[in-house]
Amino acid sequence: MASDTAATTGLMQRLGLSLPIIQAPMAGTSTPALAAVVSGAGALGSIAVGAVDATAAAAMIAETRERTDRAFNVNVFCHQPLPMDPARADGWRAALAPAFRSFGAKPAPTLRNIYRSFVEDDDMLRLLLQARPAVVIISACRPRRRSPR
(Lines give C-alpha, C1' and ligand atoms only; values in the text may rest on other atoms or scores of the structure.)
Protein backbone atom coordinates (compact mmCIF):
# COMPACT_ATOMS: atom_id res chain seq x y z
CA MET A 1 0.00 0.00 0.00
CA ALA A 2 2.83 2.40 0.83
CA SER A 3 4.34 1.97 -2.64
CA ASP A 4 0.93 2.76 -4.20
CA THR A 5 0.76 5.96 -2.18
CA ALA A 6 4.30 6.92 -3.19
CA ALA A 7 3.55 6.23 -6.86
CA THR A 8 0.33 8.25 -6.69
CA THR A 9 2.09 11.13 -4.94
CA GLY A 10 4.93 11.02 -7.49
CA LEU A 11 2.53 11.07 -10.42
CA MET A 12 0.52 13.88 -8.84
CA GLN A 13 3.68 15.93 -8.33
CA ARG A 14 4.85 15.27 -11.89
CA LEU A 15 1.49 16.43 -13.28
CA GLY A 16 1.08 19.31 -10.82
CA LEU A 17 -2.09 17.86 -9.28
CA SER A 18 -3.33 18.63 -5.80
CA LEU A 19 -6.27 16.20 -5.92
CA PRO A 20 -6.03 12.46 -6.73
CA ILE A 21 -8.96 12.62 -9.12
CA ILE A 22 -9.21 11.90 -12.85
CA GLN A 23 -12.29 13.30 -14.54
CA ALA A 24 -13.95 10.57 -16.60
CA PRO A 25 -13.27 11.05 -20.31
CA MET A 26 -16.66 10.50 -21.93
CA ALA A 27 -16.87 10.72 -25.72
CA GLY A 28 -19.42 13.33 -26.72
CA THR A 29 -19.78 14.64 -23.16
CA SER A 30 -16.40 15.69 -21.79
CA THR A 31 -15.54 19.07 -23.26
CA PRO A 32 -12.43 21.25 -23.26
CA ALA A 33 -14.27 23.67 -20.95
CA LEU A 34 -15.00 20.91 -18.42
CA ALA A 35 -11.47 19.49 -18.62
CA ALA A 36 -9.98 22.95 -18.07
CA VAL A 37 -12.15 23.63 -15.01
CA VAL A 38 -11.29 20.23 -13.50
CA SER A 39 -7.58 20.72 -14.17
CA GLY A 40 -7.76 24.24 -12.78
CA ALA A 41 -9.25 22.85 -9.58
CA GLY A 42 -6.20 20.61 -9.12
CA ALA A 43 -7.46 17.30 -10.52
CA LEU A 44 -6.77 15.78 -13.96
CA GLY A 45 -9.27 17.01 -16.52
CA SER A 46 -9.99 14.82 -19.54
CA ILE A 47 -11.16 15.16 -23.10
CA ALA A 48 -12.29 12.12 -25.06
CA VAL A 49 -11.41 12.12 -28.74
CA GLY A 50 -12.64 8.64 -29.66
CA ALA A 51 -15.68 9.97 -31.50
CA VAL A 52 -13.85 12.63 -33.54
CA ASP A 53 -11.16 12.71 -36.21
CA ALA A 54 -7.65 14.09 -35.73
CA THR A 55 -8.61 17.57 -36.97
CA ALA A 56 -11.40 17.89 -34.40
CA ALA A 57 -9.13 16.37 -31.72
CA ALA A 58 -6.47 18.99 -32.49
CA ALA A 59 -9.08 21.72 -32.03
CA MET A 60 -10.18 20.19 -28.70
CA ILE A 61 -6.58 20.02 -27.47
CA ALA A 62 -5.93 23.60 -28.56
CA GLU A 63 -9.11 24.85 -26.86
CA THR A 64 -8.24 23.02 -23.64
CA ARG A 65 -4.76 24.58 -23.71
CA GLU A 66 -6.30 28.03 -24.26
CA ARG A 67 -8.44 27.52 -21.15
CA THR A 68 -5.80 26.09 -18.80
CA ASP A 69 -2.06 25.83 -18.41
CA ARG A 70 -2.50 22.74 -16.20
CA ALA A 71 -2.05 19.09 -17.20
CA PHE A 72 -4.99 17.29 -18.81
CA ASN A 73 -5.68 13.87 -20.30
CA VAL A 74 -6.59 12.97 -23.87
CA ASN A 75 -8.48 9.66 -24.11
CA VAL A 76 -8.60 7.43 -27.21
CA PHE A 77 -10.38 4.15 -27.88
CA CYS A 78 -8.19 1.25 -28.94
CA HIS A 79 -10.69 -1.52 -29.63
CA GLN A 80 -10.24 -4.13 -32.32
CA PRO A 81 -12.20 -2.75 -35.29
CA LEU A 82 -15.03 -4.97 -36.46
CA PRO A 83 -15.78 -5.33 -40.14
CA MET A 84 -19.24 -4.23 -41.14
CA ASP A 85 -21.59 -7.06 -42.10
CA PRO A 86 -24.43 -5.48 -44.15
CA ALA A 87 -26.72 -8.50 -43.82
CA ARG A 88 -26.31 -8.59 -40.05
CA ALA A 89 -26.84 -4.82 -39.82
CA ASP A 90 -30.04 -5.11 -41.86
CA GLY A 91 -31.21 -7.87 -39.51
CA TRP A 92 -30.64 -5.65 -36.47
CA ARG A 93 -32.41 -2.72 -38.12
CA ALA A 94 -35.41 -4.93 -38.95
CA ALA A 95 -35.51 -6.44 -35.46
CA LEU A 96 -35.39 -3.00 -33.83
CA ALA A 97 -37.85 -1.32 -36.22
CA PRO A 98 -40.89 -1.98 -33.94
CA ALA A 99 -39.12 -0.36 -30.98
CA PHE A 100 -38.24 2.68 -33.11
CA ARG A 101 -41.87 2.90 -34.35
CA SER A 102 -43.15 2.85 -30.75
CA PHE A 103 -41.24 6.13 -30.25
CA GLY A 104 -42.33 7.59 -33.59
CA ALA A 105 -38.85 7.17 -35.04
CA LYS A 106 -37.17 5.21 -37.82
CA PRO A 107 -33.91 3.26 -37.66
CA ALA A 108 -30.98 4.74 -39.55
CA PRO A 109 -30.90 3.66 -43.21
CA THR A 110 -27.41 2.19 -42.67
CA LEU A 111 -25.27 1.35 -39.68
CA ARG A 112 -21.66 2.40 -39.21
CA ASN A 113 -19.01 2.26 -36.56
CA ILE A 114 -19.31 5.48 -34.58
CA TYR A 115 -16.00 5.20 -32.75
CA ARG A 116 -12.87 4.92 -34.86
CA SER A 117 -10.22 2.82 -33.17
CA PHE A 118 -6.83 4.32 -32.42
CA VAL A 119 -5.48 1.01 -33.78
CA GLU A 120 -6.29 2.17 -37.32
CA ASP A 121 -6.01 5.95 -36.92
CA ASP A 122 -2.52 7.03 -37.94
CA ASP A 123 -3.61 10.68 -38.14
CA MET A 124 -4.56 10.59 -34.44
CA LEU A 125 -1.23 8.99 -33.55
CA ARG A 126 0.66 11.70 -35.45
CA LEU A 127 -1.42 14.39 -33.72
CA LEU A 128 -0.73 13.00 -30.25
CA LEU A 129 2.98 12.70 -30.97
CA GLN A 130 3.01 16.32 -32.15
CA ALA A 131 0.70 17.78 -29.47
CA ARG A 132 2.32 15.83 -26.62
CA PRO A 133 -0.49 16.13 -24.05
CA ALA A 134 0.63 15.51 -20.46
CA VAL A 135 -1.42 12.29 -20.31
CA VAL A 136 -2.93 9.96 -22.90
CA ILE A 137 -5.21 7.23 -21.59
CA ILE A 138 -5.97 4.42 -23.99
CA SER A 139 -9.32 2.70 -23.35
CA ALA A 140 -10.74 -0.64 -24.41
CA CYS A 141 -7.55 -2.43 -25.43
CA ARG A 142 -4.10 -3.60 -24.76
CA PRO A 143 -2.03 -1.46 -27.13
CA ARG A 144 0.97 -2.77 -29.00
CA ARG A 145 4.00 -0.71 -29.92
CA ARG A 146 3.74 0.87 -33.37
CA SER A 147 4.68 3.97 -35.27
CA PRO A 148 2.68 5.99 -37.81
CA ARG A 149 2.65 4.66 -41.38
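Model, not experiment: these values are computed from the prediction.
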Item to complete: Among Leu44, Val74, Ile22, find the one that has a side-chain contact (heavy atoms from CB on, under 4.5 Å) with Val135.
Response: Leu44
Worksheet item: Crowded around Ile137 CD1? As in, over 12 foreign heavy atoms under 6.0 Å?
Response: yes
Item to complete: With rounding to the nearest 0.5 Å, note down the distance linking CZ in Phe77 to OG in Ser117.
Response: 10.0 Å
Item to complete: Spell out, yes or no, whether Met84 and Val119 are grouped together once hydrophobic residues are joined by side-chain heavy atoms under 4.5 Å, including indirect joins.
Response: no
Worksheet item: What's the shortest heavy-atom distance between Thr110 and Arg93, and which atoms?
Response: N-NE, 4.2 Å
Discussion item. Which residues pass the salt bridge (Lys or Arg N to Asp or Glu O under 4.0 Å) test with Asp85, not counting sequence neighbours?
Written reply: none
Item to complete: Mind jotting down which residue pairs meet the side-chain hydrogen bond (donor to acceptor under 3.5 Å, both in side chains) criterion with at least one end in residues 41-53? Sequence neighbours excluded, please.
Response: Ser46-Asn73
Practice prompt. Considering only Ile, Leu, Val, Met, Phe, Trp and Tyr, and joining two whenever side-chain heavy atoms are under 4.5 Å apart, list the other residues clustered with Ile21.
Written response: Leu19
Worksheet item: Which distance, rounded to the nearest 0.5 Å, do you find between the CG of Leu11 and the CG of Leu15?
Response: 4.5 Å
Worksheet item: Would a hydrophobic clustering, with Ile, Leu, Val, Met, Phe, Trp and Tyr connected at side-chain separations under 4.5 Å, put Ile47 with Leu129?
Response: yes
Practice prompt. Give the other cluster members for Met26, using side-chain heavy-atom distances under 4.5 Å between Ile, Leu, Val, Met, Phe, Trp and Tyr residues; answer none if it is isolated.
Written response: none
Worksheet item: By side-chain hydrogen bond (donor to acceptor under 3.5 Å, both in side chains), which residues pair with Arg116, not counting sequence neighbours?
Response: none
Worksheet item: Which distance, rounded to the nearest 0.5 Å, do you find between the CG of Leu96 and the CZ of Arg101?
Response: 11.0 Å
Item to complete: Answer with yes or no whether the hydrophobic clustering places Val38 together with Leu17; edges join I, L, V, M, F, W, Y residues whose side-chain heavy atoms lie under 4.5 Å apart.
Response: no
Practice prompt. Write down the atom of Leu127, the atom of Ala57, and the distance for their closest heavy-atom approach.
Written response: CD2-CB, 3.6 Å
Worksheet entry | Phe72/Ile61 under side-chain contact (heavy atoms from CB on, under 4.5 Å): CA gap, chis, key distance, verdict | CA-CA 9 Å; Phe72 62 92; Ile61 291 169; 4.1 Å; yes
Worksheet item: Does Arg67 reach the main-chain N or O of Pro32 with its side chain, forming a donor-acceptor pair under 3.5 Å?
Response: no
Worksheet item: Is the backbone of Ser39 close enough, under 3.5 Å, to the side chain of Thr68 for a donor and an acceptor to pair up by distance?
Response: no
Item to complete: Measure the CG-CZ distance between Asp121 and Arg126 for me, rounded to the nearest 0.5 Å.
Response: 9.0 Å
Worksheet entry | side-chain hydrogen bond (donor to acceptor under 3.5 Å, both in side chains) partners of residues 19-38, not counting sequence neighbours, each pair once | none
Item to complete: Measure the CG-CD1 distance between Asn75 and Ile138 for me, rounded to the nearest 0.5 Å.
Response: 9.0 Å
Response to the item:
Of all heavy-atom pairs linking Arg132 and Arg65, the shortest is O-NH2, 3.4 Å
Worksheet entry | Minimal non-hydrogen separation, Ala89 against Leu111, with atom names | CB-CD1, 3.7 Å
Discussion item. Taking the side chain as everything from C-beta on, heavy atoms only, tell me whether Val49 gets closer than 4.5 Å to Leu128.
Written reply: no
Worksheet item: Backbone N or O of Phe118 within a donor-acceptor pair of the His79 side chain at under 3.5 Å?
Response: no
Item to complete: To the nearest 0.5 Å, tell me how far Glu66 CD sits from Glu63 CD.
Response: 6.5 Å
